[in-house]
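Presented below is the structure to which this report refers.
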Amino acid sequence: MNFRTTFRLLCCTVVGSLITGTTLHAQALKEGTHTISAGYGGVTLMSAINRSFESYTDVNYSSLGPVYFKYEYGISDNIGLGLSFAYADNEWAYIYQSTDMNGNPATYTETTTRNTYSVLARFNFHMGDSEKFDPYIGFGVGYRDANWDISSNSPSGNSGVSFKSFMPFGFELTAGARYFFIPNLGVYAEVGAAKSIFQGGITARF
């Protein structure tokens, strides 16, 4: 499933949920309920950046995350407000050919790192009527940032690879669900437009 298909499916889910959800009464999220979640994401959109390193040799790519931490407070039985924090870092280690200070051919190693995070205000609309299963649509908007750093063993500087951060505006739109194995502890999963297409983890309510 590619990103375009996933996004279309998400839009259809949003429309269908808004049409049918108004007649349901969420029981998993009740007014006054606090919910915290911690998760890990998969299927990111890093392929475009990875193509920037195709001209180099022995490229080694590693990454962490994105990791997610969320808090939600139920202001009613089907509407929750809260915060969503996400973090990820990526590293590319590679070799490139250049010349030394005397103009002779030389081989250098270089590492490019990227750290990115976002802090978003989150709105969730819950549609379920079960104490255990809690489907919802979530929208977040807020601040995001990405920091780039390049280190090289070349005395004349780096290879010239450079990236710019986009405007410091972040948003996410996801469809998800929580399932509580016991009254206060369960798991969650979401799909949609965030730092990753998919994410999942543990969740607790009190």
Side-chain angles (χ1 to χ4, degrees), residues 1-11 37-70 83-122 138-176 187-202:
M1 181 184 295
N2 57 34
F3 179 74
R4 183 174 297 178
T5 301
T6 302
F7 186 74
R8 289 176 178 172
L9 178 62
L10 176 61
C11 291
S37 303
Y40 200 89
V43 188
T44 63
L45 304 179
M46 297 300 296
S47 58
I49 296 178
N50 288 336
R51 285 194 291 270
S52 301
F53 298 91
E54 290 180 349
S55 61
Y56 302 98
T57 56
D58 294 331
V59 179
N60 294 308
Y61 172 69
S62 61
S63 65
L64 169 67
V67 292
Y68 297 90
F69 299 95
K70 304 171 187 283
L83 292 174
S84 176
F85 172 79
Y87 173 83
D89 66 50
N90 314 93
E91 180 179 283
W92 297 264
Y94 46 95
I95 296 174
Y96 70 98
Q97 306 296 323
S98 185
T99 57
D100 60 20
M101 301 298 291
N102 298 318
N104 300 315
T107 299
Y108 298 108
T109 59
E110 189 166 282
T111 301
T112 296
T113 58
R114 170 181 179 263
N115 302 295
T116 178
Y117 70 92
S118 61
V119 181
L120 310 179
R122 175 93 174 190
F139 174 74
V141 61
Y143 179 80
R144 67 173 297 277
D145 191 22
N147 299 304
W148 295 88
D149 182 68
I150 301 175
S151 61
S152 174
N153 66 350
S154 170
S156 59
N158 59 60
S159 64
V161 176
S162 62
F163 300 92
K164 294 182 179 180
S165 298
F166 297 103
M167 59 181 178
F169 172 77
F171 83 97
E172 59 186 17
L173 176 62
T174 63
V187 294
Y188 89 94
E190 293 184 17
V191 58
K195 282 195 178 298
S196 60
I197 297 177
F198 301 98
Q199 60 177 281
I202 59 174

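- In this structure, the separation between CZ on Phe198 and CD on Glu190 is 12.5 Å, given to the nearest 0.5 Å.
- Ser63 approaches Asn90 most closely through the heavy-atom pair CB-ND2, 3.6 Å.
- Residues forming a side-chain hydrogen bond (donor to acceptor under 3.5 Å, both in side chains) with Asp89 (at least two apart in sequence, or on another chain): Tyr87.
- Between the side chain of Thr109 and the backbone N or O of Ile95, no donor-acceptor pair lies under 3.5 Å.
- Within the structure, the salt bridge (charged side-chain N to carboxylate O under 4.0 Å, His left out) test picks out no pair touching residues 146-158 (sequence neighbours left out).
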Margin query: If you apply the rule side chain to side chain contact (heavy atoms under 4.5 Å, CB included), what do you find for Val141 with Phe169, and how did you get there?
Written below: CA-CA 8 Å; Val141 61; Phe169 172 77; 3.3 Å; yes
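- Smallest separation of non-hydrogen atoms from Ala146 and Arg114: CB-NE, 4.4 Å.
- For the residue pair Ala86 and Lys195, the shortest heavy atom distance occurs at CB-CD, 3.7 Å.
- Remark: Tyr188 engages Gln199 in a side-chain hydrogen bond (donor to acceptor under 3.5 Å, both in side chains) (not counting sequence neighbours).
- Within a 6.0 Å sphere centred on OH of Tyr40, heavy atoms belonging to other residues, nucleotides or ligands number more than 12.
- Of all heavy-atom pairs between Tyr68 and Ala194, the closest is OH-CB, 4.0 Å.
- Applying the side chain to side chain contact (heavy atoms under 4.5 Å, CB included) test to Leu83 and every residue at least two apart in sequence or in another chain returns nothing.
- With sequence neighbours excluded, the residues forming a side chain to side chain contact (heavy atoms under 4.5 Å, CB included) with Ser151 are Thr111, listed by chain and number.
- Considering only residues two or more places apart in sequence or on other chains, Thr44 meets the side chain to side chain contact (heavy atoms under 4.5 Å, CB included) condition with Met46, Pro66, Ser196.
- Considering only heavy atoms from C-beta on, Phe171 stays 4.5 Å or farther from Leu120 through its side chain.
- Residue Lys70 comes nearest to Ser84 through the heavy atom pair NZ-OG, 3.5 Å, listed as atom of the first residue, atom of the second, then distance.
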